[in-house]
Amino acid sequence: MLVLLRQWRVLVAIIVFLVLAGLIYLTNDRSAVTPIEAFLRDLLAPAQGLLTRASRGIQRTLHGVTSWRRIAEENARLLELVDELRLENNELLQYRGENAVLREALGFAQATSLNLLAAEVIGRSPSNWFSSIVLNRGYRDGVKPGMPVITAKGIVGQVREVTSRTSSVLLIVDPKSAVGAMVRRTREPVLVEGNAEPPGTCTVRPLVREPDLKRGDRIVTSGLSRIFPKGLQIGYVDEVDTGYYGLSSTGHLIPWVDFSRLEYVFIVRSSKSGDLEEGE
Amino acid sequence: MKRFVFPFVLLAVSFLLAILLQTTVFSVWEVWGTRPDLIGVIVILMGVIRGPYFGGAVGILGGFLVDLTVGRMIGLNLLSKAASGWASGMAKERVFVRNTFMAAVVVFVGSVFDQSVLAVVAGAFGEGLPLTYAVIEVILPTAAYNVLIALAAYPLIQWVDRIAAQIVQS
């Protein structure tokens, strides 16, 4: 057998390469995983969660030990800040009371909160090539491919593959990601695409003929993509590139979410209008 | 049968442990934003110790497990790891790898080859990164980090390989 393989090694190598190329092509851009993949991922999930938590714990402890002086200074500064905030908080409580009365008086509907599911980040993409994270929630928690993932700061990405205990999320900064959005100031529709370079940023592509995009513009979801509910924060425009002869205009977006420090996120199970539909 | 199956069962368990460490501990402890490729290091070092055919087979097993557990496309890591395992085995047949330092050099070259194959194939299927960025920010840092891992892992893998050989022969 081995002798035969050695004699025909070039032909064998070509056949193997072609079969693999076909396999890669067929499995690229899929939302479902095979049972064996699901089994292996679910098998690793508990240990992944444990190891990630342990690593973060050690990292925090070491960080605390090495930066005790800074922490002491920071503590003094924070104590001062607490006093200031206490005063401010009293003021805000007063405003809240007034606001509730005014809302009722004006008949404003209370903003309906989204149906959120908290999830912990238990793993990240193993390679330096793709931007994705693994969450400790899966089918048994009601997670489906296509569901949006957010934090209090803004949107994170979209659920891509789901097993019974885990789900992997394609981050909005991945070059394969595109989110329908709008400029908060002008309400102009834009497309937010992930950037390969520099990592952790996005490109804002206006969808109108004469766009009015400025540095500092805040970008929010438009709700037109059927994936992300309308009005969720994405980031702000850091730089505007007007292109050759000023004919085109694209923006460089810095997301509000710090993707390198994600620990807990929320999966949006349904929005105001009901259950979210699966990916486009 | 035991002679054939035992090494691969041992390797499969090692790969699963390496995948666990890579997606958790090493993703928290990134060095300048880079993670090492533990599976790549094991595959290349097995090629260095056992030659091209064993290196290729180990690459197929390791790459396939990465694709199944955390991969995006099935076959991508399988192809790159099989190629790097086979290539490092070929290096062993042409260069006498007599110490850890030389093994680390093979790991650096093998890692550059592995990551380049991955970049080219991923690029062919629309998942690539710009060339300069890929080389400077991904391929070279990953290869350098792999070298650091290899300096510690090579003696360990040699030891495990010897023990496994004794068990198979007994």
Side-chain angles (χ1 to χ4, degrees), chain A residues 2 5-6 9 13 16-17 19-30 33-34 36-41 43-44 47-59 62 121-130 132-134 160-161 168 170 174-176 195-200 260, chain B residues 16-30 33-40 52-53 56 60 63 65-80 82-83 86 115 118-119 121-130 132-134 136-139 141-142 145:
Chain A
L2 264 176
L5 273 175
R6 276 179 194 171
R9 61 186 171 206
V16 170
F17 181 79
V19 170
L20 284 178
L23 196 61
I24 296 169
Y25 177 75
L26 288 173
T27 54
N28 189 10
D29 252 346
R30 66 212 166 109
V33 291
T34 57
I36 188 161
E37 284 173 279
F39 169 75
L40 281 171
R41 288 173 192 205
L43 188 75
L44 291 179
Q48 271 183 314
L50 207 71
L51 277 172
T52 301
R53 277 192 288 276
S55 303
R56 277 192 203 129
I58 294 167
Q59 196 182 37
L62 284 178
V121 178
I122 58 166
R124 285 169 186 277
S125 167
S127 74
N128 297 306
W129 295 99
F130 307 117
S132 58
I133 52 172
V134 183
R160 200 180 159 98
E161 290 153 357
S168 60
L170 182 76
D174 187 282
K176 286 210 83 173
N195 271 346
E197 188 189 0
S260 62
Chain B
L16 287 177
L17 282 174
I19 289 166
L20 258 180
L21 286 176
Q22 198 167 317
T23 55
T24 56
V25 179
F26 285 94
S27 83
V28 173
W29 295 86
E30 286 183 341
T34 303
R35 276 157 268 172
D37 180 6
L38 298 184
I39 293 84
Y53 290 98
I60 288 172
L65 281 173
V66 173
D67 286 332
L68 288 180
T69 50
V70 281
R72 200 180 272 190
M73 297 172 267
I74 292 180
L76 181 62
N77 282 288
L78 192 158
L79 188 66
S80 72
W86 180 82
Q115 297 288 307
L118 210 128
V121 179
F125 291 95
E127 300 264 9
L129 294 176
T132 321
Y133 175 80
I136 295 170
E137 300 287 334
V138 181
I139 294 175
T142 307
Y145 204 160

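Residue numbering restarts at 1 for every chain, and letters A, B, ... go by the order of the sequence lines.
- With sequence neighbours left out, the side chain to side chain donor-acceptor pair (under 3.5 Å) criterion links A:Arg53 to A:Glu120.
- Not a single donor-acceptor pair under 3.5 Å links the side chain of A:Arg124 to the backbone N or O of B:Thr23.
- Each of A:Leu43, A:Leu51, A:Thr34 has some count of heavy-atom pairs under 4.5 Å with chain B, and the biggest count is that of A:Leu51.
- The only option from B:Asp67, B:Leu78, B:Val121 that meets the side chain to side chain contact (heavy atoms under 4.5 Å, CB included) definition with A:Ile24 turns out to be B:Val121.
- Residues A:Ile122 and B:Thr24 approach most closely at O-CG2, 3.8 Å, considering heavy atoms.
- Smallest separation of non-hydrogen atoms from B:Gly75 and A:Leu20: CA-CD2, 4.1 Å.
- Proximity to chain B is limited to the side chain of A:Leu62, based on heavy atoms less than 4.5 angstrom apart.
- Of the atoms belonging to B:Leu65, it is side-chain heavy atoms, and not backbone ones, that fall under 4.5 Å from chain A.
- Annotation: side-chain contact (heavy atoms from CB on, under 4.5 Å) contacts of B:Leu68 (sequence neighbours excluded): A:Ile36, A:Glu37, A:Leu40, B:Phe64, B:Ile74.
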